[in-house]
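One-based numbering along the sequence shown.
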Amino acid sequence: MRKRILDFNHVMNSRNRVKALLSTIEVSKLTVNEIKEAKSFFKSRGYKLKNTDWHTFYKSMNGEFHKDYIPLGLFKTKISPKLNESTQWPALLDKNIIYRIFRDFELPKRVVQNINGFYYINDKPVNINEAINEIDKNGKQLIIKPSIDSGGGKKVVAFKVTGHTTSYKNLSIEELLKVYKKDFIVQEFLEQSDTMGKLNPSSLNTLRVISYLNDDGVNIISTTARVGGLNSHTDNYSSGGLLCGVDDDGKIKTKGYSKKGEALDHTFFGAELMGYVVPNYNLVVDMVKSMHVRLPYFKLVSWDIAINKDNKPVLVEYNTYNQGLEVQIVTGPLFGKFTDEILAKALE
């Protein structure tokens, strides 16, 4: 009964979300043959596609119809629970955990962590006054964000400290920490590669790399460049940023797509997109493959990777629950050549 209720909620949320998205863009309706093709595709693989609203959305955004676009409701109710161990999600959703699981990879420099109300500096428990002093003496631009449920750039704040006062609403350090209550992290602002910074200098522009773990090892399904809006501190598509597809050589291969349905040749800052090369993309791929094998509970993981000033990849965070299916706008069907394999696994 609990699963049925949860699945019902996922389906309704998916339906409401796609209708809201379609209401904000110019809609390109599917043809009768396209609707039949999509429904027939999923039926032949053991699934019932009740509507084709998500297919309509993706076609409206990029002008391309693909029968194997993965609808959000289907992903949440049938596919994700089979690919990823839901019992492991609560413990491993905390972004503070990356400093333990991936301590030997490049990570943003942490200043203070709060885990379940307890403060830590370099894994050592401290009191709130010690945490405040550590932030106060840092002297650099900092980021504070929830370590649990910070999707879409929610409550991610960049700030500096001057005279014990933060630049965020002139709150004191203690007042700022109390806004977040518990389960958050304060990090140094990551200095990104000059190349990635040219896309938009105000935001940390990252790569969303989706990897799939099967018996053959780790496979890179897709990579999407995420570029922030003008004067924005975050690169999130939902907060006004752009999505751009990246090919196997690390080159941007598509226009930038905004949530409003815009298809742009340039970023909001004016940088040309097509052919833009991500520095050391081969190192990004190697890093993701090395990290994913440490998370065997999750066969599908979405990684947010930045490129630092030394052109080295840095793990910002990873996602195992909200995978961000909107990348299909620029990557095409979510699972690519692994679609049949993954759909079959979800029915086992």
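N114 and D183 are not linked by any side-chain donor-acceptor pair at a separation below 3.5 angstrom, with hydrogens and angles left out of the test. For the 3.5 Å distance criterion, the side chains of Y58 and Q328 qualify, holding a donor opposite an acceptor. Remark: the E188 side chain and the N138 side chain contain an N/O donor-acceptor pair separated by less than 3.5 Å. Looking at K182 and N116, their side chains do bring a donor and an acceptor atom within 3.5 Å of each other. Side-chain contact of T195 with Y276: a donor-acceptor pair under 3.5 Å is absent, judged by distance alone. There is no side-chain donor-acceptor pair under 3.5 Å between H10 and T77. Between S147 and N96, the side chains place a donor N or O and an acceptor N or O closer than 3.5 Å (distance only, hydrogens not considered). Side-chain contact check for Q192 and N308: no donor-acceptor pair (N or O, by modelled atom type) lies under 3.5 Å. With 3.5 Å as the limit, one finds a donor-acceptor pair spanning the side chains of N205 and S203.
Remark: H164 NE2 is loosely packed, at most 12 non-hydrogen atoms of other residues, nucleotides or ligands lying under 6.0 Å away. Within a 6.0 Å sphere centred on CG of N13, heavy atoms belonging to other residues, nucleotides or ligands number more than 12. Y297 OH: 12 or fewer foreign heavy atoms inside a 6.0 Å radius. No more than 12 heavy atoms of other residues, nucleotides or ligands lie within 6.0 Å of NZ in K198, so this atom counts as exposed by the packing criterion.
Salt-bridge check for E317 with R208: failed, with every basic side-chain N at 4.0 Å or more from each acidic carboxylate O. Salt bridge E175/K169: absent, no basic N to carboxylate O contact under 4.0 Å. In summary, R100 and D94 do not engage in a salt bridge, as defined by a charged side-chain N under 4.0 Å from a carboxylate O. Classification of D194 and K309 as a salt-bridged pair fails, no side-chain N sitting under 4.0 Å from a carboxylate O. Classification of R294 and D104 as a salt-bridged pair holds, one side-chain N sitting under 4.0 Å from a carboxylate O. Contact check on R226 versus D304 returns a salt bridge, with a Lys/Arg side-chain nitrogen under 4.0 Å from an Asp/Glu carboxylate oxygen.
The side-chain hydrogen bond (donor to acceptor under 3.5 Å, both in side chains) with E34 is formed by just one residue from the set K29, K59, K39; it is K59.
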>> What verdict does the salt bridge (Lys or Arg N to Asp or Glu O under 4.0 Å) test give for D123 and R110, after you've listed the backbone C-alpha separation in whole Å, the side-chain angles of each residue and the deciding distance to 0.1 Å?
In response: CA-CA 10 Å; D123 293 328; R110 55 185 171 171; 3.0 Å; yes

So I144 and Y168, side-chain contact (heavy atoms from CB on, under 4.5 Å) or not? Walk me through it.
CA-CA 11 Å; I144 184 170; Y168 179 69; over 6 Å; no

Exercise for review: Decide yes or no on side-chain contact (heavy atoms from CB on, under 4.5 Å) for V301 and N319, but give the supporting numbers first.
Suggested key: CA-CA 6 Å; V301 179; N319 304 273; over 6 Å; no

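Aromatic ring orientation, W303 versus F102: perpendicular (interplanar angle above 60°, classes split at 30° and 60°). Below 30°, between 30° and 60°, or above 60°: for F184 and Y180 the angle between ring planes is between 30° and 60°, a tilted geometry. The aromatic rings of F65 and H55 are tilted relative to each other, their planes meeting at an angle between 30° and 60°.
Within the cation-pi definition used here (under 6.0 Å to the ring centroid, within 45° of the axis), K76 qualifies as a partner of Y321.
Proximity of a side-chain donor or acceptor of N219 to a complementary backbone N or O of Y212 within less than 3.5 Å is detected.
In this structure, the side chains of I329 and M61 come closer than 4.5 Å at one or more pairs of heavy atoms.
Heavy atoms only, all atoms of each residue included: L72 and L325 are closest at CA-CD2, 3.8 Å. When all heavy atoms are compared, the tightest approach of C244 to G256 is SG-CA, 3.8 Å.
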